[in-house]
Amino acid sequence: MASEPVARAVAEEVGRWGSMKQTGVSLRYMMEFGSVPTDRNLLLSAQFLHKELPIRIARRALELDSLPFGLSAKPAILKVRDWYMDSFRDIRYFPEVKSRDDELAFTQMIKMIKVRHNNVVPTMALGVQQLKNEQFSSRKLPPGFDEIHGFLDRFYMSRIGIRMLIGQHVALHDPEPEPGVIGLINTKLSPIQVAQIASEDARSICLREYGSAPDINIYGDPNFSFPYVASHLHLMLFELVKNSLRAVQEKYMNSDKDVPPVRIIVADGTEDVTIKVSDEGGGIRRSGLPRIFTYLYSTAKNLPDIEGPSEGVTMAGYGFGLPVSRLYARYFGGDLQIISMEGYGTDAYLHLSRLGDSEEPLP
């Protein structure tokens, strides 16, 4: 535990760095820069992150201290704040990166920071859930909750950006990258292949939870590929397929009717690559549709306790899956839309921007 003067000095540093302007990096630059991961380029990348990461981390730490409705004081939020403060301290107190050895040590350190922050999403969700249970007993969101929703959107978008920067730098150290892979970016990613893997992962959880799982049919050109980050696409598709499987499974659990499959359709458009996840799970009430992208909405009966023993991913959780998935899509200029027909089913449209040509700085 840091002594009070040290803690005060760190807090002052956080305030100073948190007021600085962050520097965006375009995906095109990432791809061009990372296509030749020489020692010099890796050194330049580490020097950039040494200055950039403290700004981004400090800004989030400051926001975590000033949330409305007493959210900042919730134990789960305080835990996340401590992670951000520890990471800020680790980077700020790391000496200037001047040599290859410095760069390798710095890379190991930011790799550990990425691991430290692995559970930020469920831990933040627990804090928001604690607040909801204490103050918002009705299903109607209170006036002013938009402020928390806006904060969480900014917070998670920033987290995606931080993890992309760290992950890209770390991945460039891979001595034998797959053909067409530049750091985290696969320039020839097959969306059909990612859809198959995400579907298998989601089905295995459905099988574990219910004992059976609907079939999943995937349609599209198996030879089609485009530049994208495989881990981002997997995360989004896994969430959408999991939601569809759960809806179908619960609708037909006690029925004699044939269980309809979940359908995934991949379309290669001029502007976007669009993936539709379609189910016949009964749909969502029209009155509930505006809430599905808010952070307090979950259809789960019993919410998982992340403080207790974990059994891994569950079919339904804190209701952060859809809003966070939409942020992942929007990070690269895409979007996620949900269209529902109550009494029949739901179609989720995942619009993915074609990467590689964009010179817009990423968040």
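- No side-chain donor from either of His50 and Glu96 sits under 3.5 Å from a side-chain acceptor of the other.
- Ring-plane geometry between Phe151 and Phe155 is classed as tilted, the angle between the planes lying from 30 to 60 degrees on a 0 to 90 degree scale.
- Taking every heavy atom of both residues into account, Val36 and Asn41 meet most closely at O-ND2, 2.8 Å.
- Ionic pairing of Lys242 and Asp201 is not present here: no N-O contact between side-chain nitrogen and carboxylate oxygen is shorter than 4.0 angstrom.
- Screening Ile218, Leu336, Leu233 for a side-chain contact (heavy atoms from CB on, under 4.5 Å) involving Ile275 leaves a single residue, Leu233.
- Here the straight-line distance linking atom NE2 of His173 with atom NZ of Lys111 works out to 9.0 Å at 0.5 Å rounding.
- Of all heavy-atom pairs spanning Val14 and Ala58, the tightest one is O-CB, 3.5 Å.
- The 12-atom threshold is exceeded at CE of Met20, counting heavy atoms of other residues, nucleotides or ligands nearer than 6.0 Å.
- In this structure the side chain of Gln249 never reaches within 4.5 angstrom of the side chain of Leu245, judged on heavy atoms.
- A centroid separation of less than 6.0 Å is found between the aromatic rings of Tyr228 and Phe332.
- Of the N and O atoms on the side chains of Tyr295 and Asp153, at least one donor lies less than 3.5 Å from an acceptor on the other residue.
- Side-chain polar atoms of His149 and Thr294 form no donor-acceptor pair below 3.5 angstrom.
- The pair Asp335-Arg330 counts as a salt bridge, with a side-chain nitrogen and a carboxylate oxygen less than 4.0 angstrom apart.
- Counting heavy atoms from C-beta on, the side chains of Tyr331 and Leu327 never come closer than 4.5 Å.
- With values rounded to the nearest 0.5 angstrom, Leu104 atom CG is found 8.5 Å from Leu42 atom CG.
- Residues Glu103 and Ser99 have side chains that never bring a donor and an acceptor to within less than 3.5 angstrom of each other.
- When all heavy atoms of Glu342 and Arg285 are compared, the pair lying nearest together is OE2-CG, 3.3 Å.
- Contact check on Arg263 versus Asp279 returns no salt bridge, with no Lys/Arg side-chain nitrogen under 4.0 Å from an Asp/Glu carboxylate oxygen.
- For the pair His351 and Ala329, the tightest heavy-atom approach, listed with the atom from each and the gap, is O-CB, 4.4 Å.
- Counted by atom type alone, Ser158 and Arg59 present zero donor-acceptor pairs between their side chains at under 3.5 Å.
- Residues Arg154 and Glu63 are paired through a salt bridge, judged by an N-O separation under 4.0 Å between the basic side chain and the carboxylate.
- Under a cut-off of 6.0 angstrom, the local environment of NZ in Lys114 is crowded, with over 12 non-hydrogen atoms contributed by other residues, nucleotides or ligands.
- Taking each heavy atom of Ser340 and Leu289 in turn, the nearest pair found is CB-CD2, 4.1 Å.
- Under a hydrophobic clustering in which Ile, Leu, Val, Met, Phe, Trp and Tyr are joined whenever their side-chain heavy atoms come within less than 4.5 Å, directly or via other members, Val262 and Ile197 fall into different clusters.
- One hydrophobic cluster, built from ILVMFWY side chains closer than 4.5 Å, cannot hold both Tyr349 and Ile292; they sit in different ones.
- Glu32 has a carboxylate O that lies under 4.0 Å from a charged side-chain N of Arg28, or vice versa, which qualifies the two as a salt bridge.
- Two residues are said to be in side-chain contact when any heavy atoms from C-beta on lie closer than 4.5 Å; Tyr210 and Arg246 meet this criterion.
- Nearest approach of Thr346 to Gly283, heavy atoms of both residues: OG1-CA, 3.4 Å.
- You'll find the side chain of Ile57 stays beyond 4.5 Å of the side chain of Trp17, heavy atoms only.
- Using a 4.5 Å heavy-atom cutoff, the side chains of Ile264 and Asn217 are not in contact.
- Using a 4.0 Å cut-off between a side-chain N of Lys or Arg and a carboxylate O of Asp or Glu, Glu12 and Arg8 do not qualify as a salt bridge.
- Considering CG of Leu240 and CG of Leu322, their distance stands at 6.5 Å, rounded to 0.5 Å.
- Under the 4.0 Å criterion applied to side-chain N and carboxylate O atoms, Arg92 and Glu13 are assigned as salt-bridge partners.
- Contact check for Ser325 versus Leu235: side-chain heavy atoms found under the 4.5 Å cut-off.
- Between Leu53 and Ile110, some side-chain heavy-atom pair lies under the 4.5 Å cut-off.
- There is a side-chain donor-acceptor pair under 3.5 Å between Asp347 and Ser278.
- In Met341, the CE atom is not crowded: 12 or fewer heavy atoms of neighbouring residues, nucleotides or ligands sit closer than 6.0 Å.
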Go through Arg81 and Asp65 one step at a time and tell me if the salt bridge (Lys or Arg N to Asp or Glu O under 4.0 Å) criterion holds. CA-CA 8 Å; Arg81 180 186 171 276; Asp65 258 347; 2.7 Å; yes
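- The residues Lys257 and Glu280 are annotated as not salt-bridged, no charged nitrogen and carboxylate oxygen being separated by less than 4.0 angstrom.
- Not less than 6.0 angstrom separates the ring centroid of His169 from the ring centroid of Phe48.
- When side chains are defined from C-beta on, Thr274 does not count as touching Leu350, because their heavy atoms never get closer than 4.5 Å.
- In this structure, CG in Leu165 is found 8.5 Å from OG in Ser45, a value given to the nearest 0.5 Å.
- Using a 4.0 Å cut-off between a side-chain N of Lys or Arg and a carboxylate O of Asp or Glu, Asp82 and Lys79 do not qualify as a salt bridge.
- Taking CZ of Arg326 as the reference point, atom OH of Tyr156 lies at 14.5 Å (rounded to 0.5 Å).
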